[in-house]
Amino acid sequence: MVNIGIEKEVSLPHKRFRLLGKEIHLYRELSSTNSIARQMAISGAAEGTIVMSRSQSAGRGRLERQWFCPPGKGLLLSMIVRPKIHVQFVPQLTLLTAVVVAETIKKATGCAAGIKWPNDIFINGKKVCGILAESSFTRAKIEYVIIGLGINANLDTLHLPPDCQETSTSLRLELGQNVSRIKLLKQFILSWDEHIRGFINAGHPYLRSKWIENNVTLGRNVTVNKGKNSINGLAVDISEKGGLIVRLTDGSLQEFLAEDVTLSKKG
Ligand code: BTN
């Protein structure tokens, strides 16, 4: 897509409809659904507004990575939320979204999806979805959070970038048939509404129990990559800050907040 600027992109022709109480904006092609959702949030779009696109020319991942998905093959979605929670709990929204997506995939397809801390969803040891939450807040107040997710729905192996073909998968590859993206979207909305309510009412204990139910990280040996250094240990818990607590080889516990983590192969 030619770079036409975010304001103009927002106004590109697109479908607009309501689904389960949410306003959906469905585009053919955008730079990034997160960028457009952010622009809409700045212009005052309502809580729960969802931006979707068949394709993205500049999809973003965590740690400044790119996110690739061929047109029409994935569920590329960004939702604007303005939760009434303390600013310090914002990182937990990524973990909450991971719970929602793991449940969405299980309920909509029957695939055994699990969370790899902090923002990946895995099936059979391979990544099927990535989550990118981006927020704007002052010291006291959250202005908005953009919850972005890319689910590999109907991709074949050759649709994946060559360096991801061993490590990523899609729902189609796992099931041997296409999945309905609208079914995934509906289940995502239902699961989000349930779990954000639970989190707002009961806080970290609610999130922790749901996260533990749905994760594939705890109890695994992990390598935490910090620049050129890496640290090995056993993943034992998640913290109130949304961090991963790792027992290091000397027995001490260390919390990691935003690092890149690799799960070791199951023995
Ligand atoms: C990651 O695994 O690093 C996160 C990937 C998040 C990708 C999604 S696709 C929809 C939304 N728009 C973006 O530009 N990124 C997110």
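First listed ligand is number 1; within each ligand, the first listed atom is number 1.
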Test item: side-chain donor near acceptor, Asn214 and Glu103, under 3.5 Å
no
Tightest non-hydrogen contact, residues Lys186 and Leu20, listed as O-CD1, 3.6 Å
Tell me: protein heavy atom nearest atom 9 (S) of ligand 1, and distance?
Gln56 NE2, 3.5 Å
Of all the heavy atoms in Arg65, does at least one lie under 4.0 Å from an atom in ligand 1?
no
Would a 4.5 Å heavy-atom cut-off, applied to side chains only, mark Val101 and Ile151 as touching?
yes
May I ask you to identify the nearest protein heavy atom to atom 2 (O) of ligand 1, giving residue, atom name and distance to one decimal place in Å?
Lys127 NZ, 2.6 Å
Which ligand 1 atoms are under 4.0 Å away from a heavy-atom of Gly150?
8 (C), 9 (S)
I need the atoms of ligand 1 closer than 4.0 Å to a non-hydrogen atom of Asn119, numbered in the order shown.
1 (C), 2 (O), 3 (O), 4 (C)
Quick one: look at Cys69 and ligand 1, take heavy-atom pairs under 4.0 Å, and tell me if it's side chain, backbone, both or neither.
neither
Note: Glu47-Arg82 ion pair, threshold 4.0 Å (strictly below):
no
Students should be able to answer this: which protein heavy-atom is nearest to atom 15 (N) of ligand 1, and at what distance?
Arg60 O, 2.7 Å
Minimal non-hydrogen separation, Ile146 against Ser78, with atom names:
CG2-CB, 3.9 Å
List ligand 1 atoms under 4.0 Å from Gly61, heavy atoms only on the residue side.
1 (C), 3 (O), 4 (C), 5 (C)
Nearest protein heavy atom with distance in Å, relative to atom 3 (O) of ligand 1
Arg62 N, 2.6 Å
At less than 4.0 angstrom from any non-hydrogen atom of Thr33, what atoms of ligand 1 do you find?
10 (C), 11 (C), 12 (N)
Candidate pair Lys73 and Asp156, rule salt bridge (Lys or Arg N to Asp or Glu O under 4.0 Å), full reasoning
CA-CA 9 Å; Lys73 299 290 180 190; Asp156 286 317; 5.9 Å; no
Under 4.0 Å from any heavy atom of Ile131, which atoms of ligand 1 are there?
4 (C)
May I ask you to check whether over 12 heavy atoms, not counting those of Arg62, lie within 6.0 Å of atom CZ?
yes
Any luck finding a side-chain donor-acceptor pair between Glu255 and Ser239 under 3.5 Å?
yes
In ligand 1, the atoms that come under 4.0 Å of a heavy atom of Gly59 are 14 (O)
Would you check the N or O atoms of Trp67, main chain and side chain alike, for any that come under 3.5 Å of an N or O of ligand 1?
no
Mark up the atoms of ligand 1 that fall under 4.0 Å of a heavy atom belonging to Ser32, in ascending order.
12 (N), 13 (C), 14 (O)
Side-chain donor-acceptor pair present, Arg38, Ser136, cut-off under 3.5 Å:
no
